[in-house]
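Taking it in order: structure first as structure tokens, then the write-up.
Remember, it's a predicted structure, so these values are computed and weren't measured experimentally.
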Amino acid sequence: MSRRPAFRRTSRRTLRSAAIVAAVSAPLLTAGATVAASSGSLPTRSGSPGSGLPGSVLSGAPVTAACAVRGLPTLGGRYGNVTAAAANGDIVGIADNTAGVAQPVLWRAGKPERIRTGLAGSVPAGLNAHGDVVGNSPNGEDTIGWVRSGSRVTQLRGTRLRGTRLAALPAAISNSGIVVGALESTEGTPAEGDNTPGSLEDEQAAVWRSPTGPPQLLAPLPGDQGAHAFAVAADGRVGGISEGHRFRPVVWDHAGRPHVLPGLGGGYGIVRAFGPGGVAVGDAVAKDGTDHAVRWSAGGRITDLGLPAGSRTAQASGVLPGGVVVGTAQLPAPGGGVLTRAVRWPAAEQPQLLGRQQGPGQAMVAGAASARTAVGYRTDASGGRHPVMWRCGS
């Protein structure tokens, strides 16, 4: 099975330890644990803007956009992290309280409100413009997926498939209340989950048409064993990844049928978000092993957005209302290793860093909020994460 750069399976251990603990205060992964880059020198730019041809690595110094960065308040503690945003400017994530305990939060007009789920260790994964939030909470070695609408919290239903119990892992929710994500088994040993070894180890993409309804499985592409949905468009289409010998970007239509999207020739691609007009964004690996932020039109045409100068890895994670794509790239760090930086693409092959680097800190974009605003986190000198929003001039 081929390697999956910049994609990690969303296991319960990841949700509990990485999303809850590391997402707040722990340092970032070292360069060697971030992305495996292929050997060879960096290629120069090839193709033309919007051509969709791989190999769009820029030479020279990275371009920096004039963006103002603003810290988001926590619940009284030092650390926090943004996990998702809605087009109306609402933001969700986790933030420390005065006791230093991470809590799920919703920022409205920049003010944090604790999200009370009645479940320990809750981590929001997505929200819509109505303030409905989806997320996950650990339950031993299992996971509970939930939807909060107003003050009501509903646990999402799992299912059984080929004798294996599958738990809900929601990732996103549309303005019409459609929830997408995956169904995942326990780790598969008698000591975990319901004390029954699982026969199905592959996660299965799923959609919930209502918070109280049963999940609908979304089939992977022919020949693949599993899939994961990460985004839902305004028109009800679902995007994600189909997992097999290759890992291919996929969009499911309204009937739940999977349709493969073109990649850049490297055997890996993923849809991470939808934007205005039905465009999808994510990343795809080129034949030389570089991982590029890409955009797909509503009709499925791929455009290579390009890499910042010196970078070999970038991912698009959101689209602003005006069409500007935002995301993250890994760039060489002074003295070795890589730094994760926040990036915007106002047009194909025009990557711009969001503000100038301040010290050894890193930054990551979780998604797009209203107007010209991207949201995510920045780290301090010790690696602690702080929720922030970037607002760029155009």
Side-chain angles (χ1 to χ4, degrees), residues 14-29 67-117 121-129 131 133-136 148 171-172 272-273 315 317-318 320 326-329 339-344 353-392:
T14 299
L15 288 168
R16 182 169 60 250
S17 59
I20 298 175
V21 180
V24 179
S25 58
L28 291 170
L29 295 175
C67 303
V69 60
R70 171 191 169 192
L72 291 167
T74 66
L75 296 173
R78 290 188 59 189
Y79 303 111
N81 188 12
V82 171
T83 55
N88 67 341
D90 286 352
I91 303 165
V92 291
I94 50 180
D96 278 359
N97 60 19
T98 54
V101 178
Q103 302 289 343
V105 294
L106 168 66
W107 286 274
R108 279 187 169 144
K111 297 180 180 180
E113 305 171 9
R114 182 181 171 188
I115 299 173
R116 299 183 183 276
T117 65
S122 295
V123 178
L127 80 162
N128 63 21
V133 182
V134 296
N136 305 278
R148 194 199 75 156
R272 298 181 185 271
Q315 306 89 32
S317 55
L320 299 180
V326 293
T328 304
L339 286 175
T340 302
R341 298 292 306 277
V343 184
R344 70 195 294 262
L353 304 185
L354 301 186
R356 298 193 178 279
Q357 179 70 19
Q358 297 181 353
Q362 309 197 50
M364 180 173 287
V365 173
S370 60
R372 298 182 293 273
T373 305
V375 294
Y377 70 80
R378 295 178 72 177
T379 66
D380 56 30
S382 62
R385 301 187 183 187
H386 305 273
V388 296
M389 57 194 305
W390 293 270
R391 186 174 177 84
C392 302

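- The two residues Val326 and Ala368 make their nearest non-hydrogen contact at CG2-CB, 4.1 Å.
- Considering every non-hydrogen atom in both Leu75 and Pro112, the closest pair reads CD2-CB, 4.0 Å.
- Within the model, atoms CZ of Arg378 and CE of Met389 stand 14.0 Å from one another, a figure rounded to the nearest 0.5 Å.
- Taking every heavy atom of both residues into account, Ser122 and Ile94 meet most closely at O-CG2, 4.0 Å.
- Atom CZ of Arg385 is separated from atom CG of Asn81 by 6.0 Å, given to the nearest 0.5 angstrom.
- If you look at Tyr79 and His386, their ring centroids are closer than 6.0 Å.
- Under a 3.5 Å cut-off, the side chain of Asp96 and the backbone N or O of Ala99 do not form any donor-acceptor pair.
- In this structure a side-chain-to-backbone donor-acceptor pair under 3.5 Å is missing from Thr83 to Ala125.
- Under the 4.5 Å side-chain criterion, counting only non-hydrogen atoms from C-beta, Arg391 is not in contact with Arg70.
- The closest side-chain heavy-atom distance from Cys392 to Leu354 is below 4.5 Å.
- Across all non-hydrogen atoms, the minimal contact from Trp107 to Val92 is CZ3-C, 3.8 Å.
- The shortest distance between side-chain heavy atoms of Val365 and Val343 does not fall below 4.5 Å.
- Atom CD1 of Ile91 is separated from atom OG1 of Thr373 by 8.0 Å, given to the nearest 0.5 angstrom.
- Within 6.0 Å of CZ on Arg116 lie no more than 12 heavy atoms contributed by other residues, nucleotides or ligands.
- Taking both residues in full, the closest heavy atoms of Trp390 and Val375 are given as CZ3-C, 3.8 Å, listed atom of the first, atom of the second, then distance.
- Closest non-hydrogen pair, Ser317 versus Gly327, comes out as OG-CA, 3.6 Å.
- Atom CG of Leu339 and atom OG1 of Thr379 lie 8.0 Å apart (nearest 0.5 Å).
- Looking only at side-chain heavy atoms (C-beta outward), Arg114 and Asn97 stay at 4.5 Å or farther from each other.
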